[in-house]
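Notes to accompany the following structure.
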Amino acid sequence: MAIERQVTEGEEPVSPFARLFSLPGLDVFNIVTIGCKTEGNPSTIIEGLKNTLINHPRFSSILVTGYGEQKGKAKWIPTKVKVEDHVIVPDIDPNIENPDEFLEDYTSNMALSPMDMTKPLWEFHLLKLKTSHAESVAVARFHHSLGDGMSLMSLLLACTRKTCDPEALPTFVVPKKSKAKNVCSALVGWLWFIVRVMFHTCVEVIKSIIFICCAKDTSAHIMGKPGATLRNNKFLHRIISLDDVKMVKNAMSMTVNDVLFGMVQAGLSRYLHQRYDLETSPKSRKIIDKKRLHGVVFFNLRPNRDIEDLANMMAKGSKCRWGNSIGYVLIPLEMKSNDDVFEYVRQSKTMMDRKKHSLEPLFSHGLLKCTLEVFGFKALKTLITRIFGSTTMIFSNVVGPAEEISFFGHRISYIAASTFGIPQGLIIGIQSYVDKLIINIGVDVDVIPDPHHLCDLIVEALHTMKSAAPQKTFHAPEV
């Protein structure tokens with residue numbers, strides 16, 4: 001009885017968005033693959049998790065959803081965690097023929113397997129597997145009710161340390177601040193910024209509402225079937241050079257994100273055209289140039305990402321902002337075949353600048369929250385299914401550590417992150433790490449049966465840009 005009273009006193013309510021991600025048929029997970037430069041030592045990692053991760057309240061609590069046999073109020077119930085139950089070390093043949101393919105299949109099967117709801121909703125799989133880019137691999141799975149992707153990635157990085165300084169937390173590239181201006185110029189610039197934000201917010205929000213109410217992407221070739229989440233999915237990742245992207249970025253006077261989204265559009269456009277060439281008549285191939293598909297891009301709504309606060313929370317029990325705090329924007333995808341591959345980047349910059357100078361991410365977050373509070377979970381689930389079921393892909397880009405880091409003594413070669421469980425046929429996440437960019441692609445193979453070919457086309461688009469960049473004169477596009 002004393003134990004029951006102690007647990008009740010420690011209970012915490014479940015946030016609306018955490019409860020949303022645990023709805024039946026909408027279980028959403030974050031999958032993180034960590035490639036290490038050294039052979040994995042499970043005992044060291046287990047000991048490290050005992051001193052860090054489980055000190056976070058969410059990672060040492062059981063989620064009571066309030067559905068099925070758990071009818072009642074949703075809540076987090078603190079529990080005693082045995083880390084060994086959350087760390088799986090599978091027996092793998094060291095002479096396996098294709099380790100890279102094995103990792104893809106293992107990650108895909110792990111994502112599809114159900115998670116034990118009677119334990120805290122996280123797990124690590126430590127694979128003694130030598131791949132093309134790592135001596136060993138750790139694959140982590142976190143239920144999205146624990147927090148959004150940015151929160152979980154920040155928390156995971158708070159468990160790491162710099163290789164050059166084992167006591168120091170990772171550092172990230174800080175955006176350059178604009179040069180100081182005189183008071184008059186600053187005031188004019190500020191007023192112009194407010195006008196632009198108001199204008200773009202009105203335009204983009206109206207377009208978003210019209211799309212949700214009326215529009216629907218029309219290409220069955222790369223669209224998942226609405227309402228289905230646990231399907232025949234596959235995850236794969238590809239590592240490219242960050243310097244190659246920066247070369248194109250500098251040549252075009254744009255941002256890394258503009259180049260990345262541009263090359264994704266270029267690869268996707270070429271893939272879709274090839275699909276039409278194989279499966280349709282010459283007359284109908286022209287239709288694709290007139291189609292306007294849409295993608296979903298997530299925005300982090302937190303003002304900053306200070307992993308020192310998370311590290312202190314795990315070490316000293318201090319408080320830190322936590323949870324699901326993200327918004328999204330709807331991005332039109334240019335599928336028209338362009339001879340000039342740089343046109344995709346120009347169009348990406350124009351569209352991204354409009355989105356960045358609008359409050360559409362805040363509006364989308366507020367729309368989901370308002371729908372939940374006014375109409376309930378059933379209506380919110382219907383809205384989310386409509387949004388993601390009517391778009392072509394999800395895109396995210398996360399800035400990673402600028403220096404090499406280690407995970408409990410294991411030097412990290414790369415980090416690849418993705419999301420699973422959203423009713424979407426194509427999810428592309430890009431993560432930077434030191435001088436690398438890791439492209440992580442999750443697909444429904446019933447929609448995209450050849451994801452490696454799609455990935456090849458995306459990377460090929462970057463190589464085409466890089467080859468043409470030195471010879472081409474670029475002009476800043478108008479926004």
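These numbers were taken from a predicted model, which means no experiment stands behind them.
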- Message: Determine whether a donor-acceptor pair (N or O, by modelled atom type, separation under 3.5 Å) exists between the side chain of Tyr433 and the backbone of Ile405.
- Response: yes

- Task: Would you confirm whether Asp340, through its side chain, and Phe342, through its main-chain N or O, come within 3.5 Å as a donor-acceptor pair?
- Result: yes

- Query: Regarding His200 and Glu360, is there a side-chain donor-to-acceptor distance under 3.5 Å anywhere?
  - Reply: no

- Message: I'd like to know whether His133 forms a side-chain hydrogen bond (donor to acceptor under 3.5 Å, both in side chains) with Thr131, so could you lay out the CA-CA distance, the side-chain angles of the two residues, the decisive distance to 0.1 Å, and finally the verdict.
- Response: CA-CA 5 Å; His133 301 283; Thr131 66; over 6 Å; no

- Above 12 or not: heavy atoms from other molecules or residues under 6.0 Å from NZ of Lys207? yes

- Query: What are the two closest heavy atoms between Phe211 and Ser390, and how far apart are they?
  - Reply: CZ-O, 3.4 Å

- Query: Nearest 0.5 Å, what's the OG1-CE distance between Thr350 and Met352?
  - Reply: 11.5 Å

- Message: Using a 3.5 Å distance criterion without hydrogens, assess whether the side chain of Asp444 forms a donor-acceptor pair with backbone atoms of Gln424.
- Response: no

- Indicate yes or no for a side-chain donor-acceptor contact from Trp122 to the backbone of Phe59 under 3.5 Å, with no hydrogens or angles considered. yes

- Message: I'd like to know whether the aromatic ring centres of Phe199 and His357 sit less than 6.0 Å apart in this structure.
- Response: no

- Query: Quick one: does Phe395's side chain get under 4.5 Å of Ile427's, heavy atoms only?
  - Reply: no

- Item | Residue pairs, two or more places apart or on separate chains, that pass salt bridge (Lys or Arg N to Asp or Glu O under 4.0 Å) and touch residues 252-262 | none

- For the residue pair Val434 and Glu403, what are the closest heavy atoms and their distance? CG2-C, 3.6 Å

- Taking atom types as modelled and ignoring hydrogens, do the side chains of Tyr328 and His365 form a donor-acceptor contact shorter than 3.5 angstrom? no

- Query: Any donor and acceptor pair, going by atom type alone, linking the side chain of Arg141 with main-chain N or O of Met110 inside 3.5 Å?
  - Reply: yes

- Message: Applying the side chain to side chain donor-acceptor pair (under 3.5 Å) criterion to His452, which one of Glu101, Glu104, Arg238 satisfies it?
- Response: Glu104

- Message: Looking at Ser358 and Lys355, would you say the former's side chain and the latter's main chain have a donor-acceptor pair under 3.5 Å?
- Response: yes

